[in-house]
Amino acid sequence: GNDDFTNRLYAQNTGIPAAMIGNTDGKALKAYLSSNPGATVTIDPAIAAANNPQVNTVAAFSGRGPNLGNFASVRDFALKPELVAPGTNIYTATQKLDPNSDTYNATGYTSVNGTSYAVPFAAGVAAMALANNPNLKQQPGRLKSAVVNTATPDVQGGVHVTDAGAGKLNAADAVNVAATLEPAAISFGPVPAVLPVNRTLTLTNVGSSTATFSLAVRPLSSDSNARVAVNQSSVTLTAGQSQSITVSLTGSRPAPGAYEGFIDVTGSGPALHLPYLYLVGDGIPYDIFPTQNGGFVAPPNDFGWAISFRVVDRYGVPVANTPASFQIKSGGGKFNAQGGDNATDVLGNARVFVDMGASGDQIFTGTAAGLTQEFDATIRPYPTISSGGVVNAGPPYLPGTQAPGSYISIFGQDLADATLVETTQSLPVSLGLVSVSFDGGGMSLPGHIHFVSPGQINVQIPWEFQGQSSVQMKVALLPYGYIWSALYTVPLATYSPGIFAVTDGVNNAVISAANPAKRGGSIVIYANGLGPVDAPQSSGDPASSTQLVYTNATPTVTIGGIPAETPFFSGLTPGIVALYQVNVSVPADAP
């Protein structure tokens with residue numbers, strides 16, 4: 001009633017105080033109130049900060065550096081990560097259409113964890129910095145520095161620069177940056193026998209006026225043998241001006257260890273903090289880990305797969321010239337004729353090439369200095385589409401030409417690893433890690449999948465191929481990337497009629513011996529492949545639920561050989577993907 005409406009109108013602008021306390025305190029408060037039912041409670045409206053010990057700590061799943069380098073001569077050992085951002089307990093909007101997805105939630109909101117969620121925070125801050133400072137435009141190195149070098153170093157837990165880089169993302173300082181540093185972090189990598197080692201640092205004034213900047217090296221760890229130095233401690237730059245600065249690792253080779261620190265730049269705008277790193281190994285193998293194909297999926301009888309490991313010392317420095325060997329532990333695999341390494345290379349890597357067997361799990365091991373790394377291969381057959389195995393998904397399941405926008409059934413072997421049916425309004429481009437792609441007319445488009453099983457896939461041909469005479473289609477298994485079927489040519493036509501079901505026009509119950517169609521009554525024919533419609537459709541998305549979509553061509557219907565009257569509706573079923581519907585009256589003289 002009106003009173004209820006009035007109450008709700010007032011209540012919507014009412015703030016209700018709430019407080020959160022820990023479990024132990026909550027139980028103590030509950031016990032106290034039980035013993036003192038007449039006690040009064042005073043709520044202090046003042047807001048006080050409370051520190052969560054888990055705040056400003058690096059998540060266990062966050063990747064640590066430095067960069068590994070690669071099999072070529074690159075030995076950059078770049079300082080990674082360069083900064084950190086929130087990545088745990090992120091409460092965010094999410095999709096509520098596809099229950100098969102990782103972050104589905106029926107409410108449209110969920111809590112997530114992962115370094116992937118830290119990325120958009122950094123990207124958003126970069127966008128704000130770019131919008132606020134025209135001197136960062138078309139200068140990716142400067143923009144990166146604005147985000148990285150303004151990070152706050154208040155990350156807790158004894159972290160190193162290889163855990164958090166420059167620190168935690170700082171939006172306010174990144175947006176107001178007045179100077180930038182390129183590169184945003186410096187790694188000298190494993191220290192050679194002879195010093196110095198020099199790096200070039202470019203300092204740029206991205207402010208609007210002349211400013212003087214001071215540079216100071218702040219070591220977090222050091223020894224008496226070597227130190228990091230800059231060749232200029234103060235630089236005055238006009239607006240937009242840049243200056244090259246030499247950063248040197250000087251002295252003699254330090255004792256084994258990992259050494260880190262910061263170069264602090266102060267002056268106009270927020271202070272900048274550039275992390276640096278250098279490493280000295282002890283040459284004693286300490287750890288082994290895979291660098292290629294530690295666990296992988298391969299097709300049967302495939303050859304030339306590289307498996308490799310790296311040996312490092314306790315400081316993460318590669319240990320070269322360590323004798324290495326590889327073994328076949330189980331399965332039908334064998335070593336390739338290309339052979340493999342007998343010792344680790346300058347990056348601590350050893351590699352061998354292996355050939356896959358016919359089927360089953362195949363396990364290899366690599367050994368160096370008493371350390372062993374296992375490599376696990378799973379053999380996955382190629383998906384195979386049967387000859388003539390692509391048919392209209394609606395009875396009578398006709399092979400041959402199919403209509404864009406319609407459903408087809410693909411029959412074959414090893415098409416999927418599981419049986420799944422999509423239950424959402426929109427159809428995904430992958431289901432059970434299976435995808436179907438269509439190529440033709442200069443387009444390469446994914447099919448939208450309704451059903452997958454080892455022997456059958458039901459998929460919608462994209463509407464975009466209307467007017468094409470054929471498309472090339474293949475089934476691919478997404479996690480493997482390189483396992484897909486042979487190409488299958490699907491001829492296309494404007495129409496490819498098929499009937500999924502026929503229901504009565506009253507209760508929409510399927511016509512059967514127990515529920516026969518009535519002469520003079522109406523039926524609804526749910527069909528496939530009735531061709532173009534009068535409103536553009538998006539592949540995989542349902543037809544409008546509010547605006548009827550009609551077929552461009554009106555079909556003719558015969559029942560028992562007797563022509564029915566012209567359908568009083570022929571178009572897409574509202575709210576469903578690519579399902580046609582024909583509403584027609586049953587002839588009074590139908591047999």
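These figures come from a predicted structure and were not determined experimentally.
Inter-residue side-chain proximity for Val317 and Val280 is flagged as unmet; no heavy-atom pair is nearer than 4.5 Å. Contact check for Thr212 versus Ser234: side-chain heavy atoms found under the 4.5 Å cut-off. Residues Leu215 and Val235 form a side-chain contact, since some pair of their non-hydrogen atoms from C-beta on lies under 4.5 Å apart. Within the 4.5 Å cutoff, the side chain of Phe262 has no heavy atoms near those of the Val217 side chain. Residues Ile263 and Val247 are in side-chain contact: their nearest non-hydrogen atoms beyond the backbone lie under 4.5 Å apart. Within the 4.5 Å cutoff, the side chain of Val311 has no heavy atoms near those of the Tyr286 side chain. Met443 places a side-chain heavy atom less than 4.5 Å from the side chain of Phe465. Two residues are said to be in side-chain contact when any heavy atoms from C-beta on lie closer than 4.5 Å; Phe335 and Asp355 fail this criterion.
A distance-only check finds a donor-acceptor pair linking the side chain of Ser221 to the backbone of Glu260 [under 3.5 Å]. A donor-acceptor pair under 3.5 Å links the side-chain atoms of Asn293 to the main chain of Ala306, judged by distance alone. Put simply, the side chain of Thr344 gets close to the backbone of Val319: a donor and an acceptor are under 3.5 Å apart. Within the 3.5 Å criterion, the main-chain N or O of Gly240 finds no donor-acceptor partner in the side chain of Asn205. Looking only at distances, no side-chain donor or acceptor of Arg199 sits under 3.5 Å from a matching main-chain atom of Ser248. The main-chain N or O of Leu347 is found under 3.5 Å from a side-chain atom of Arg310 such that the two form a donor-acceptor pair. Checked by atom type and distance alone, the side chain of Asp313 pairs as donor or acceptor with a backbone atom of Tyr315 at under 3.5 Å. Formation of a donor-acceptor pair under 3.5 Å by the Asn225 side chain with backbone atoms of Ser252 is not found in this model. A distance-only check finds no donor-acceptor pair linking the side chain of Ser437 to the backbone of Leu445 [under 3.5 Å]. Judged by distance alone, the side chain of Thr204 and the main-chain N or O of Val206 form no donor-acceptor pair under 3.5 Å.
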For this session: Evaluate the side-chain contact (heavy atoms from CB on, under 4.5 Å) criterion for residues Asp417 and Leu433: first the C-alpha distance (whole Å), next the side-chain angles of each, then the deciding distance (0.1 Å), finally the verdict.
Result: CA-CA 8 Å; Asp417 293 330; Leu433 304 177; over 6 Å; no

Problem set entry | Test log, rule side-chain contact (heavy atoms from CB on, under 4.5 Å), inputs Asp541 and Val577 | CA-CA 6 Å; Asp541 287 341; Val577 179; 5.6 Å; no

For this session: Verify side-chain contact (heavy atoms from CB on, under 4.5 Å) between Phe121 and Val84, making sure each step is shown before the conclusion.
Result: CA-CA 10 Å; Phe121 280 101; Val84 291; over 6 Å; no

For this session: Before giving the answer on side-chain contact (heavy atoms from CB on, under 4.5 Å), spell out for Val471 and Phe438 the whole-Å C-alpha distance, their side-chain angles and the decisive distance to 0.1 Å.
Result: CA-CA 6 Å; Val471 286; Phe438 296 85; 3.8 Å; yes

For this session: Dump the intermediate steps for side chain to side chain donor-acceptor pair (under 3.5 Å) on Thr88 and Asn113, then the final yes or no.
Result: CA-CA 4 Å; Thr88 58; Asn113 298 285; 4.6 Å; no

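Partners of Arg64 according to the salt bridge (Lys or Arg N to Asp or Glu O under 4.0 Å) rule, which considers only residues two or more places apart in sequence or in another chain, are Asp163. Legend: residues meeting side chain to side chain donor-acceptor pair (under 3.5 Å) with Ser233, ordered by chain and number and at least two apart, are absent. Every residue meeting the side chain to side chain donor-acceptor pair (under 3.5 Å) condition with Asp302, not counting sequence neighbours, appears here in chain and number order: Trp305. For Ser444, the side-chain contact (heavy atoms from CB on, under 4.5 Å) criterion is met by Asp439, not counting sequence neighbours.
No salt bridge links Asp345 with Arg351; every basic N to acidic carboxylate O contact stays at or beyond 4.0 Å.
The OG atom of Ser244 lies 8.5 Å from the CG atom of Leu201; values are rounded to the nearest 0.5 Å. With values rounded to the nearest 0.5 angstrom, Leu277 atom CG is found 5.0 Å from Leu79 atom CG. Rounding to the nearest 0.5 Å gives a distance of 11.0 Å between OG1 of Thr92 and CG of Asn105. Note: Thr150 OG1 to Leu169 CG = 7.0 Å, rounded to the nearest 0.5 Å. For the atom pair CG (Leu274) and OG (Ser145), the distance works out to 7.5 Å, reported to the nearest 0.5 Å. In this structure, CD1 in Ile288 is found 9.5 Å from OG1 in Thr365, a value given to the nearest 0.5 Å.
Contact between Ala184 and Asn149 at its shortest, heavy atoms only, is O-ND2, 2.8 Å. Annotation for Ile449 and Glu422: closest pair O-CB, 3.9 Å, computed over non-hydrogen atoms. Pro542 and Gln425 make their closest contact through CD-O, 3.8 Å (heavy atoms, listed as atom of the first residue, atom of the second, distance). Between Thr115 and Phe61, the shortest heavy-atom distance links the atoms N-CE1, 3.8 Å. In terms of heavy-atom proximity, Ala226 sits nearest to Leu195 at CB-CD1, 4.1 Å. Contact detail for Pro275 and Gly165: the closest heavy-atom pair is CG-C, 4.0 Å.
Environment of OH in Tyr109: sparse, with no more than 12 heavy atoms of neighbouring residues, nucleotides or ligands closer than 6.0 Å. Around the CZ atom of Phe296, the shell of radius 6.0 Å holds more than 12 heavy atoms that belong to other residues, nucleotides or ligands.
Among residue pairs with one or both ends in residues 459-468, those qualifying as side chain to side chain donor-acceptor pair (under 3.5 Å) are Glu464-Ser539; sequence neighbours excluded. Residue pairs meeting the salt bridge (Lys or Arg N to Asp or Glu O under 4.0 Å) criterion with at least one member in residues 280-289, sequence neighbours excluded: Asp282-Arg314. For residues 152-161, every residue pair satisfying the salt bridge (Lys or Arg N to Asp or Glu O under 4.0 Å) rule, not counting sequence neighbours, is listed here: Asp154-Lys168. Among residues at least two apart or in separate chains, salt bridge (Lys or Arg N to Asp or Glu O under 4.0 Å) pairs with a member in residues 365-374 are Lys329-Glu374. Listed by first and then second residue, the side chain to side chain donor-acceptor pair (under 3.5 Å) pairs involving residues 270-280 are Asp264-His273 (not counting sequence neighbours). Pairs passing the salt bridge (Lys or Arg N to Asp or Glu O under 4.0 Å) check and including a residue from residues 77-92, sequence neighbours excluded, read Lys80-Glu82, Glu82-Lys144.
Between the side chains of Thr94 and Thr103, a donor-acceptor pair is found at a separation under 3.5 Å. Ser308 and Thr291 are linked by a side-chain donor-acceptor pair at a separation below 3.5 angstrom, with hydrogens and angles left out of the test.
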Table please: side-chain donor-acceptor pairs of residues 173-182 below 3.5 Å, with sequence neighbours left out.
from: Asp173; atom 1: OD2; to: Asn170; atom 2: ND2; distance (Å): 3.0
from: Asn176; atom 1: ND2; to: Ala172; atom 2: O; distance (Å): 2.9

Please report, to 0.1 Å, the donor-acceptor pairs under 3.5 Å made by any side chain of residues 122-129, with sequence neighbours excluded.
none

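The aromatic ring centres of Phe309 and Phe326 sit less than 6.0 Å apart.
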